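Contents: one structure, followed by commentary.
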Amino acid sequence: EPTLGTSWVPHPSQSRTDPFEDTLRRLREAFHSGCTRPAEFRAEQLQALGRFLQENKQLLHDALAQDLHKSAFDSDISELIICQNEINLALQNLQAWMKDEPGSTNWFTKLDSAFIRKEPFGLVLIIAPWNYPVNLTLVPLVGALAAGNCVVLKPSEISRGTEKVLAEVLPKYLDQRCFAMVLGGPEETGQLLEHKFDYIFFTGSPRVGKIVMTAATKHLTPVTLELGGKNPCYVDDDCDPQIVANRVAWFRYFNAGQTCVAPDYLLCSPEMQERLLPALQSTITRFYGDDPQSSPNLGRIINQKHFQRLRALLGCGRVAIGGQSDERDRYIAPTVLVDVQETEPVMQEEIFGPILPIMNVRGLDEAIEFINRREKPLALYAFSNSSQVVNQMLEQTSSGSFVGNDGFIHMTLSSLPFGGVGHSGMGRYHGKFTFDTFSHHRACLLCPAGLEKLNNIRYPPYSDRVQQL
Ligand code: NAD
């Protein structure tokens, strides 16, 4: 059985001295003791994490329902199963991932042994957001533990129900010498970031991403920044509008639109818009019924602040579908906006809610020009029956990920790296990519201690050799 005991740090306001110092020292000492190095230890931690998910499934379902009105099915497919799959993959491949990778040698190093060693960084910090508060906290943790690091985990303070379960229960499963949890918001995280870590993995907004990167600069700490932005979705005239409506509505309204890879806006011709609107209306009714507010399958906005922000966005352009809201329930109806101006707030900020504006373009070239005028998005989607159109969009744009004729589902593939580019972030993870992210790839060359005669060719004086070249 894993060591029992809570390892999370008390709230900083409870202590006048630095509340993190002792914990961080303890974790560093544990790392230097070498206890996280053996594969068996790492596997034990991963198995314990798996047991945490299995034995606390109901608690996690309840917390996710409390935070985001997630149904058990939503929670399973977008949070718990994804974490469990990542754990299983890491357990199956741990030995292979940890193995030294041979490097080829050249004439000078023919007799040497060249290899890349996957070495844990040491003490790593993971900072998570609230929208998939189990998935986005634990999937990075899987890779950090598999790679043999000691970890400080900072879940989001906004998804309170999930934060509570993680804080109270998770430390009981993990070895408390090597793992600590820090609770709190901007102030506490800011204080924590003053300290030196060997790696920081941050998921959240570009605004806070800049704060994290600035703090990391002070210690020259490497970072992964998994950020957000506005993900474009191009819909070509050559499409079946009902198929597009089904796929787009599913991943725009999933988790009430609070998904970093959700399509933020559609780009299509006015003619396609006329065909899409009835199709989207019929899909929304099929998914959520005539009264989406009473549907068990539609999420709620995380808090009042985000609810008010989103309600204000409903005033942009013209509401074509939905538009209702209920403050007491933090409910925003699945909404489609048309006649939107590029300068309106809904096209200026990441929406992160169940609102889908449609922008009109005259065709593929104008859509590409529209996308390339903006920051590089985390995800980009293109719908068309023509593979030429999809390929042109792929070739002439840049984004963290790209999906033709679907979306979201690419997140289930741990064979593909997940991450942003430019303003949507830096670095990548999922599957082996997470293990590699949390490993320093150390270049190693082991040479024979003798055979010195062979080296004479590289030692000065060079005068006789220059003439030979
Ligand atoms: P956020 O940036 O507000 O918060 C993320 C984390 O940073 C939280 O743990 C929070 O406590 C901490 N934090 C907040 N302010 C801070 C400060 N001033 N100093 C230090 N730490 C601070 O993001 P959020 O609202 O939790 O999540 C939504 C954002 O995250 C969206 O932009 C979304 O696109 C993005 N996101 C990205 C991904 C991805 O994988 N790329 C996934 C989910 C969400």
Side-chain angles (χ1 to χ4, degrees), residues 31-43 86 89-124 140 142-150 196-201 213 216-217 219-226 376 394-395 398-402 413-422 425-469:
F31 180 73
H32 289 302
S33 79
C35 68
T36 61
R37 297 261 175 172
E40 298 71 37
F41 177 86
R42 305 181 193 193
E86 289 280 323
L89 190 79
L91 281 168
Q92 280 156 17
N93 294 285
L94 193 57
Q95 301 279 358
W97 291 350
M98 285 174 69
K99 223 170 145 198
D100 291 341
E101 266 175 49
S104 60
T105 50
N106 57 21
W107 192 84
F108 283 109
T109 53
K110 261 276 164 284
L111 300 176
D112 305 343
S113 160
F115 58 92
I116 302 165
R117 167 122 336 151
K118 317 298 171 41
E119 177 179 274
F121 276 104
L123 178 54
V124 305
V142 170
L145 294 174
N149 295 283
C150 288
K196 182 174 160 57
F197 290 91
D198 299 306
Y199 201 93
I200 301 176
F201 188 103
M213 194 162 172
T217 307
H219 301 289
L220 285 180
T221 302
V223 290
T224 290
L225 300 178
E226 294 284 340
K376 291 181 181 178
L394 171 60
E395 272 170 31
S398 176
S399 60
S401 52
F402 178 89
L413 293 179
S414 50
S415 58
L416 295 182
F418 177 62
V421 57
M426 59 185 73
R428 62 206 64 79
Y429 76 128
H430 286 184
K432 182 173 186 291
F433 300 101
T434 322
F435 177 88
D436 285 340
T437 286
F438 284 105
S439 303
H440 167 53
H441 290 216
R442 189 177 190 181
C444 303
L445 185 70
L446 302 186
C447 312
L451 303 174
E452 184 59 358
K453 272 210 175 116
L454 294 174
N455 287 335
N456 281 341
I457 187 138
R458 59 171 144 117
Y459 297 146
Y462 300 127
S463 47
D464 53 336
R465 265 156 283 157
V466 171
Q467 280 147 21
Q468 288 168 22
L469 288 175

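Everything numeric in this text was worked out from a predicted model, so none of it was measured.
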Original post:
If you count the non-hydrogen atoms of other residues, nucleotides and ligands that lie under 6.0 Å from NZ in Lys376, is the total more than 12?
Top reply: no
Original post:
Side chain of Thr434, backbone of Ala144: donor and acceptor closer than 3.5 Å?
Top reply: no
Subject >> Closest non-hydrogen atom pair between Gly148 and Thr36, with its separation >> reply: O-OG1, 2.7 Å
Original post:
Could you walk me through whether His430 and Leu416 pass the side chain to side chain contact (heavy atoms under 4.5 Å, CB included) check?
Top reply: CA-CA 7 Å; His430 286 184; Leu416 295 182; over 6 Å; no
**OP:** Return the minimal non-hydrogen interatomic distance between Pro448 and Leu451, and the atom names on each side.
**Re:** CG-CD1, 3.9 Å
**OP:** Could you tell me which non-hydrogen atom of Glu226 sits nearest to which non-hydrogen atom of Gly420, and how far apart they are?
**Re:** OE1-N, 4.4 Å
Original post:
Does Arg428 CZ have over 12 foreign heavy atoms under 6.0 Å away?
Top reply: no
Subject >> Expected output: side-chain Thr221 to main-chain Phe197 donor-acceptor under 3.5 Å >> reply: yes
**OP:** Give a yes or no answer on whether the side chain of Arg442 reaches the backbone of Ile116 with a donor-acceptor pair at less than 3.5 Å.
**Re:** no
**OP:** Taking Asp198 for its side chain and Val124 for its backbone only, find out whether a donor-acceptor pair lies under 3.5 Å.
**Re:** no
Original post:
Excluding sequence neighbours, so at least two apart, what forms ring-ring contact (aromatic ring centres under 6.0 Å, His included) with Phe121?
Top reply: Tyr199
Original post:
When you check the side-chain N and O atoms of Asp436 and Ser439, is any donor under 3.5 Å from an acceptor?
Top reply: no
Original post:
Does CD in Glu452 sit with more than 12 non-hydrogen atoms of other residues, nucleotides or ligands closer than 6.0 Å?
Top reply: yes
Original post:
If you look at every heavy atom in Leu94 and Ala43, which pair is closest and at what distance?
Top reply: CD2-N, 3.9 Å
Original post:
Taking all non-hydrogen atoms of both residues, which atom of Cys444 and which atom of Arg117 are closest, and how far apart?
Top reply: SG-CB, 4.0 Å
Original post:
When you measure from the side chain of Asn149 to the backbone N and O of Leu123, does any donor-acceptor pair fall under 3.5 Å?
Top reply: no
Subject >> By side-chain contact (heavy atoms from CB on, under 4.5 Å) - contacts of Ser113 (at least two apart) >> reply: Phe115, Leu446
